[in-house]
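Bear in mind that the values here come from a model prediction, so they are computed numbers and not experimental data.
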Amino acid sequence: MRYWLFKSEPDAFSIDDLASRPDQCEHWDGIRNYQARNFLRDEVKRGDRVFFYHSSCKHVGIVGLAEVVKEGYADHTQFDPESAYFDPKSDPSNPRWYMVDIKLLRKYERMLTLSDIKAMPDILDLGVVKKGHRLSIMPVSQHDTAILLSALQARNP
DNA sequence: GCCAACGTTGGC
DNA sequence: GCCAACGTTGGC
């Protein structure tokens, strides 16, 4: 089981939005970056865990934990001309964009902010603290996962 | 396949 | 809203 970090802009989709969904499940659509797509299509597996991260907002950081409940399948918004994510070049018989379904495991009332993470000396290779890393889907190493979980647990006993 | 122009991301 | 650091596009 691997850990991932998924970024979301809370104005578009927040941890509270996920919490209010039926079964607290939702599909993760709208990823339009090839590297992130490759993760969703090939590497994110059922049972993997996801750090839910709020970006482009006042309080940036990890706000929850989720579990992957459905592995990569075609993102339907690419075929919807009404959608902002419509991709006219994507062939339905060979979809270009993928998504997964996630289910909320817990929301952290006390979040772990980006500045908190940056101040943690033992974090090794978390993409979100590396300059210029803009991927919205990224793997988290076992090493960094343990540190993040421990810090989140300490804040949210 | 190169690479300049352009668009996007995302923290600040 | 700024702007650095990317990724994508498209002419050649």
| task | Under 4.0 Å from any atom of DNA chain B, heavy atoms only: list the residues of residues 87-100 of chain A that qualify, in numerical order. | result |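 Listed by number, there are none.
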Return all side-chain donor-acceptor pairs below 3.5 angstrom for residues 148-155 of chain A, not counting sequence neighbours, or 'none' if the list is empty.
unit_1, atom_1, unit_2, atom_2, d
A:R155, NH1, A:A151, O, 3.4
A:R155, NH2, A:D116, OD2, 3.4

Length of the [atom1]-[atom2] vector between [X] and [N], whole Å:
X	N	atom1	atom2	result
A:R37	C:dG7	CZ	P	15 Å
A:N38	C:dG7	CG	C1'	14 Å
A:Y34	C:dT9	OH	C1'	11 Å
A:I137	B:dT9	CD1	P	13 Å

| Straight-line distance of A:F51 CZ to A:M138 CE, nearest 0.5 Å |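 CE of A:M138 is found 12.0 Å from CZ of A:F51.
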| Closest approach of A:V63 to A:M111 (non-hydrogen atoms, all atoms of both residues) |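 Looking at all heavy atoms of both residues, the closest pair is CG1-CE, 3.7 Å.
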| task | Work out which heavy atom in A:L135 is nearest to a heavy atom in A:A36; give both atom names and the distance. | result |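 What the structure gives for the nearest pair is CD2-N, 3.9 Å.
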Would you tell me whether [X] and [Y] have side-chain atoms, one donor and one acceptor, within less than 3.5 Å of each other?
X	Y	result
A:S90	A:Q78	yes
A:W28	A:D101	no
A:T77	A:R32	yes
A:S14	A:D16	no

Check the interface with nucleotides 10-12 of chain B: list each N/O to N/O pair with the protein under 3.5 Å, or write none.
unit_1, atom_1, unit_2, atom_2, d
B:dG10, OP1, A:K7, NZ, 2.9
B:dG10, OP1, A:R134, O, 2.5
B:dG11, OP1, A:Y53, OH, 3.1
B:dG11, OP2, A:S56, N, 3.0
B:dC12, OP1, A:K118, NZ, 2.7

